[in-house]
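What follows is one structure encoded as structure tokens, with my remarks underneath.
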Amino acid sequence: MDRRKLLKAATLASAAAGLVACKESKESSRNNLSPCDQTTQADIEWKMVTAWPKNFPGLGTGAQFLADAITQMSGGRLTVKVFGSGELVPAFEVFDAVSAGTAQMGHSAAYYWKGKLPEAQYFGAVPFGMNANEMNAWLYHGGGLELWEKAYRPFGLKPLPVGQSGVQMGGWFNKEINSKEDIKGLVMRIPGMGGEVLSRAGGTPQALPGAELFTALQTGTIDATEWVGPYNDLAFGLYQAAQFYYYPGWHEPTACLEAMINQQAFDALPEDLQSIVEFAAMAANQNMLAEFNANNQRALNALVDEHQVELRQFPDEVLQEFKKYSADVILELSQQSKLSNEIYQSYKSFADQTQSWLKVSELAYLQAR
Ligand code: CA
């Protein structure tokens with residue numbers, strides 16, 4: 001058989017496979033996003049709306065990595081075009097846009113949706129909760145992802161973990177925090193459960209999207225803000241708006257970022273493209289953590305050495321205060337619904353177990369190194 005005949009045979013085989021997959025997916029879902037009718041003729045194009053400026057270090061580049069991975073792994077059969085926050089929809093409308101099918105895919109953080117789905121917060125960041133490695137273990141092998149899917153299913157969304165920030169920084173402050181009294185009256189941008197904890201400690205949390213942080217801090221609308229860590233914060237120029245940079249990020253031991261996919265759009269893909277989306281997401285999840293870990297210390301050095309930022313550790317008294325309120329906030333969240341309690345029980349028992357293991361592995365090793 002010559003090369004042309006071989007190619008033609010391969011194309012026909014793949015077309016047949018595509019048609020079979022489409023037939024099956026059509027039977028399992030009624031949808032109007034289905035590209036199946038054209039699967040064998042035309043490539044599929046998806047839009048990805050994001051909660052970050054396009055190509056913003058770590059977060060925006062993570063979304064682009066995922067889009068590129070899907071496009072490349074599928075040989076262009078499924079191309080994903082990324083939109084920065086505000087380009088197609090504002091940052092905080094990503095969830096609704098993907099749920100409604102305005103875009104087939106989104107990249108954001110689950111705790112942004114706490115207003116409509118409080119349970120989502122477990123999948124974004126839990127104060128004093130699991131770190132990146134523990135989160136991945138829970139999501140992929142501890143039942144976490146199944147619970148996340150259960151939480152998003154009523155909205156017609158399929159969630160996938162796509163990106164871990166690792167332990168974040170405590171944030172940027174325009175005054176020193178020397179005692180728990182200094183938290184009282186503090187107006188700080190801090191989303192999710194961390195914001196609720198700050199509120200109970202006497203502060204006033206604000207939930208601004210990333211693109212509005214700098215101006216709010218510079219004009220004094222807020223006294224402090226957390227964002228991510230040195231790599232992101234340096235790029236944002238936050239050192240120009242605040243002097244003190246506090247650690248650790250008690251409120252976000254990692255931010256687990258998410259890709260959400262319109263379930264109908266996903267169901268309409270042939271099986272091989274569905275696998276590509278899922279494995280590309282897994283690769284992007286791991287890659288983001290590596291990108292943050294590779295760049296954070298270099299960025300921190302630049303902040304301290306070149307921009308004269310004052311690096312400070314939160315006093316123990318302040319961390320103890322936050323920890324006390326965190327336990328209350330998490331417990332109360334678990335009492336809000338049956339699903340919330342189910343997720344909490346799973347999260348808590350997994351966290352207890354992994355913490356015991358980390359004591360004899362990572363922690364013991366780090367102390368010995
Ligand atoms: Ca953050």
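Since we're looking at a predicted model, the values are computed, not measured. For ligands, and for the atoms within them, numbers begin at 1 and follow the listed sequence. For this chain, numbers begin at 1 and follow the sequence in order.
For the pairing with Lys158, the side-chain hydrogen bond (donor to acceptor under 3.5 Å, both in side chains) check across Gln274, Gln264, Glu278 returns one residue only, Glu278. Only one option out of Asn174, Ile190, Leu217 pairs with Thr225 in a side-chain contact (heavy atoms from CB on, under 4.5 Å); it is Leu217.
Phe83 carries Lys81 over the face of its six-membered ring, with the cationic atom under 6.0 Å from the centre and within 45° of the normal.
Connection of Phe155 to Ile343 is established within a shared hydrophobic cluster, with ILVMFWY side chains joined at heavy-atom distances below 4.5 Å, either directly or through further cluster members.
Protein N/O/S atoms closer than 3.0 Å to the Ca ion (ligand 1): Gln168 OE1, Glu226 OE1, Glu226 OE2, Trp227 O, Glu252 OE2.
Between Arg200 and Glu321 there is no salt bridge, since none of the side-chain N atoms of the basic residue sits less than 4.0 Å from a carboxylate O of the acidic one. In summary, Lys338 and Glu342 do not engage in a salt bridge, as defined by a charged side-chain N under 4.0 Å from a carboxylate O.
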